[in-house]
Colleague: 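Take a look at this one; I'll ask things after.
By convention here, the first residue in the shown sequence is residue 1. The model shown is predicted, which means the values in this text are computed figures rather than measured ones.
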Amino acid sequence: PRKVDLRPIDDQPIKLIASSFEQSFDPYVFTLLRSAESYDFDMGLQEVKRQVREAAMRSQNLRTAAVAHVLRRGRLDYDANGELLPNTTGSVENHTFDVDANNQNQLNGIITASWALPSTDIPLQLRNLKKRARRLTGYPLKYALYGENVPSYLTQNDYVLDYLARNDRMRSAWLETAEVPDGLFGLTWIAAYETFYEDSAGTNQDLWDADAVTFTPEVSDDWYELIQGSTPVPTTINVMTDADAAMRSVKHQPGIYGYGYVELKPVSVTGIFGDCFIPCLKNADVVFQGDVTP
């Protein structure tokens with residue numbers, strides 16, 4: 001056999017997102033609450049359960065916003081208070097995932113003409129992109145996550161219209177949903193323009209630009225991973241005999257966590273919730289973050 005070198009592997013230090021918040025339940029209000037089902041006094045147990053579910057959803061929403069940012073922008077930015085930002089304005093801390101400039105905007109000359117022009121040969125641009133993706137990483141492209149203007153560009157395009165007119169299934173799918181039909185030109189098209197998050201000021205921030213399309217291969221651990229860190233949480237709030245016993249009551253909880261404890265004066269309940277994670281592009285070359293209107 002001919003001797004060949006092993007395929008290279010690198011290590012990369014990373015920082016994770018650590019979020020945490022607490023909620024205190026007013027004892028005077030909760031002692032008066034009744035069950036919604038039986039009308040018995042239950043000290044607000046059902047409402048506490050609902051608040052716990054809402055807290056878990058808050059953490060999950062942060063994950064969704066972070067993943068969308070990484071796929072669209074290839075980075076995460078935070079202000080001085082650690083709040084997630086929609087762009088680099090006011091950024092004092094960031095995560096960057098080294099998406100090459102050739103994989104952004106016009107994709108190193110692949111998007112040679114705007115998709116807003118009916119005469120642009122969009123199918124040719126997509127074929128050229130698929131070819132480059134294969135040669136760059138070996139991964140075939142599968143998904144296209146698109147902004148709100150993209151369906152209009154496609155359905156007004158001379159080349160795409162000819163294709164849709166000859167394919168009954170694609171035409172019917174467009175007429176039913178006004179979205180890009182699944183499977184068009186061999187890609188799974190996903191409407192990403194509905195993604196948003198609410199910032200600390202209560203303002204809804206869009207996560208996807210109207211003319212943006214991000215292309216990725218099938219999701220796999222080879223190039224993407226949601227990495228979870230661990231957070232020490234108590235398993236009991238009881239008084240221990242010594243520090244050693246107290247430390248043994250602490251466990252490391254990966255990812256999303258929550259716990260509660262009782263305040264004694266006056267008696268009330270406080271819940272602590274949080275998460276520790278990062279959506280990681282382990283091979284950023286497989287992601288193409290295009291702007292289709294140069």
Colleague: Please say yes or no: joined through hydrophobic side-chain contacts below 4.5 Å, possibly via intermediate residues, are F97 and W208 part of one cluster?
Modeller: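 Yes, same cluster.
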Colleague: How far apart are the closest heavy atoms of T236 and S249, and which atoms are they?
Modeller: CG2-CB, 3.7 Å
Colleague: Any side-chain heavy atom of Y153 sitting closer than 4.5 Å to one from V213?
Modeller: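 A side-chain contact is absent here, since even the closest heavy-atom pair is not under 4.5 Å.
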Colleague: Rounded to the nearest 0.5 Å, what separation is found between the CG atom of L164 and the CG atom of L175?
Modeller: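 Result: 9.0 Å between the selected atoms.
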Colleague: About how many Å separate CD1 of I190 and CD of E179, when rounded to the nearest 0.5 Å?
Modeller: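 With rounding to 0.5 Å, CD (E179) is 11.5 Å from CD1 (I190).
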Colleague: What is the minimum heavy-atom distance between R72 and A212, and which atoms define it?
Modeller: NE-CB, 3.1 Å
Colleague: Evaluate the ring planes of Y146 and Y193, with Trp represented by its six-membered ring, and classify them as parallel (under 30°), tilted (30 to 60°) or perpendicular (over 60°).
Modeller: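 If you compare the ring of Y146 with that of Y193, the planes turn out tilted.
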Colleague: For residues W115 and Q125, is any side-chain donor paired with an opposing acceptor at under 3.5 Å?
Modeller: yes
Colleague: With a 4.5 Å cut-off on side-chain heavy-atom distances among I, L, V, M, F, W and Y, is there a chain of contacts connecting L184 to F288?
Modeller: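 Yes, one cluster joins them.
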Colleague: Does D242 reach the main-chain N or O of D244 with its side chain, forming a donor-acceptor pair under 3.5 Å?
Modeller: yes
Colleague: What is the ring orientation for W189 with F215, classed by angle as parallel under 30°, tilted 30 to 60°, or perpendicular over 60°?
Modeller: perpendicular
Colleague: Would you indicate whether the side-chain heavy atoms of S24 and E22 approach each other to under 4.5 Å?
Modeller: yes
Colleague: One pair to check against side-chain contact (heavy atoms from CB on, under 4.5 Å): F273 and S19. What are the steps and the verdict?
Modeller: CA-CA 8 Å; F273 310 94; S19 66; over 6 Å; no
Colleague: Output yes when a side-chain donor or acceptor of T137 lies under 3.5 Å from a complementary backbone atom of A133, and no otherwise.
Modeller: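 Yes; at least one donor-acceptor contact below 3.5 Å.
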Colleague: Between N128 and L126, does the side-chain contact (heavy atoms from CB on, under 4.5 Å) criterion hold? Intermediate values first, please.
Modeller: CA-CA 5 Å; N128 289 335; L126 293 175; over 6 Å; no
Colleague: With no hydrogens and no angle check, just 3.5 Å: does a side-chain donor-acceptor pair link D291 and N105?
Modeller: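 No, because no side-chain N or O of D291 sits under 3.5 Å from a partner of the opposite role on N105.
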Colleague: What are the two closest non-hydrogen atoms of S230 and C276, and how far apart are they?
Modeller: N-SG, 4.3 Å
Colleague: Ignoring hydrogens and geometry, is there a side-chain-to-backbone donor-acceptor pair from T112 to G109 under 3.5 Å?
Modeller: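 No.
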Colleague: Taking C-beta and beyond as the side chain, do P140 and R134 meet within less than 4.5 Å on heavy atoms?
Modeller: yes
Colleague: Whether the side chain of R58 engages the backbone of E54 through a donor-acceptor N/O pair (distance < 3.5 Å, no angle test) should be reported.
Modeller: no
Colleague: Provide the closest heavy-atom pair for L154 versus V160 in the form atom of the first, atom of the second, distance.
Modeller: O-CB, 3.1 Å
Colleague: Within a strict 4.5 Å, meaning less than it, do heavy atoms of the T235 and V250 side chains meet?
Modeller: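 Result no, sub-4.5 Å side-chain heavy-atom pair not found.
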Colleague: From N103 CG over to L136 CG, what is the distance, rounded to the nearest 0.5 angstrom?
Modeller: 6.0 Å
Colleague: Could you check D77 against L84 for side-chain contact (heavy atoms from CB on, under 4.5 Å), going step by step and ending with a plain yes or no?
Modeller: CA-CA 6 Å; D77 288 277; L84 185 65; over 6 Å; no
Colleague: Side chains of T293 and S114: donor-acceptor distance under 3.5 Å anywhere?
Modeller: no
Colleague: How long is the span from the CD1 atom in I122 to the CZ atom in F185, to the nearest 0.5 Å?
Modeller: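 CZ of F185 is found 7.5 Å from CD1 of I122.
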Colleague: Over all heavy atoms of both residues, which pair between T155 and L161 is shortest? Give the atoms and the distance, please.
Modeller: O-CD2, 3.0 Å
Colleague: Between E263 and Y261, is there a side-chain heavy-atom distance shorter than 4.5 Å?
Modeller: yes
Colleague: Is it the case that the side chain of R132 and the backbone of L107 share a donor-acceptor pair, with hydrogens and angles ignored and the cut-off at 3.5 Å?
Modeller: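 Between the backbone of L107 and the side chain of R132 there is a qualifying donor-acceptor contact (under 3.5 Å).
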Colleague: Do D275 and S59 have side-chain N/O donor and acceptor atoms under 3.5 Å apart?
Modeller: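 D275 vs S59: no donor-acceptor pair found between side chains.
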Colleague: Under a 3.5 Å distance rule, please check whether T214 uses its side chain to pair with a backbone N or O of L71 as donor and acceptor.
Modeller: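 Yes, because the side chain of T214 sits within donor-acceptor range (under 3.5 Å) of the backbone of L71.
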Colleague: Are V233 and I256 connected into the same hydrophobic cluster when the rule is that any two of I, L, V, M, F, W, Y join if their side-chain heavy atoms are below 4.5 Å apart?
Modeller: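 No; tracing contacts between hydrophobic side chains, which count when under 4.5 Å, never links both residues.
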Colleague: Going by atom types alone, do E218 and Y139 pair a side-chain donor with an acceptor below 3.5 Å?
Modeller: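 No, because no side-chain N or O of E218 sits under 3.5 Å from a partner of the opposite role on Y139.
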Colleague: Would I278 end up clustered with L226 when hydrophobic side chains under 4.5 Å apart are linked, directly or stepwise?
Modeller: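 Yes, it is one cluster - the side chains of I278 and L226 are joined through contacts under 4.5 Å.
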Colleague: Taking the side chain from D209 and the backbone from D211, do they hold a donor-acceptor pair closer than 3.5 Å?
Modeller: no
Colleague: Using side-chain contact (heavy atoms from CB on, under 4.5 Å), reason through K130 and L187 one step at a time and then give a plain yes or no.
Modeller: CA-CA 10 Å; K130 290 179 180 180; L187 294 169; 4.2 Å; yes
Colleague: Any side-chain heavy-atom pair from T216 and W223 closer than 4.5 angstrom?
Modeller: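 The answer is yes, as the side chains (C-beta and beyond) meet within the 4.5 Å cut-off.
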Colleague: If hydrophobic clusters are built from ILVMFWY residues whose side chains come within less than 4.5 Å, do V292 and Y163 share one?
Modeller: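 Linked, V292 and Y163 end up in one cluster.
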Colleague: Output yes when D222 and K282 qualify as a salt bridge under the 4.0 Å nitrogen-oxygen rule, no when they do not.
Modeller: no
Colleague: With rounding to the nearest 0.5 Å, note down the distance linking CG in N102 to CD1 in I110.
Modeller: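 Going from the CG atom of N102 to the CD1 atom of I110 covers 9.5 Å.
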Colleague: Tell me the closest heavy-atom pair linking R171 and A165, and the distance in Å.
Modeller: NH1-O, 2.9 Å
Colleague: Please examine the side chains of V99 and Q104, heavy atoms only from C-beta on, and report whether any two atoms are closer than 4.5 Å.
Modeller: yes
Colleague: Any side-chain heavy-atom pair from D79 and S91 closer than 4.5 angstrom?
Modeller: no
Colleague: Is there a donor-acceptor pair under 3.5 Å between the side chain of H95 and the backbone N or O of K15?
Modeller: yes
Colleague: Kindly confirm or rule out a cation-pi arrangement of R63 over F277, judged by NZ or CZ under 6.0 Å from the six-membered ring centre and within 45° of its axis?
Modeller: yes
Colleague: Donor-acceptor check, side chain of N157 to backbone of T120, threshold 3.5 angstrom: yes or no?
Modeller: yes
Colleague: Calculate, to the nearest 0.5 Å, the distance between atoms CG and CG belonging to N167 and D162 respectively.
Modeller: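 Interatomic distance, N167 CG to D162 CG, rounded to 0.5 Å: 12.5 Å.
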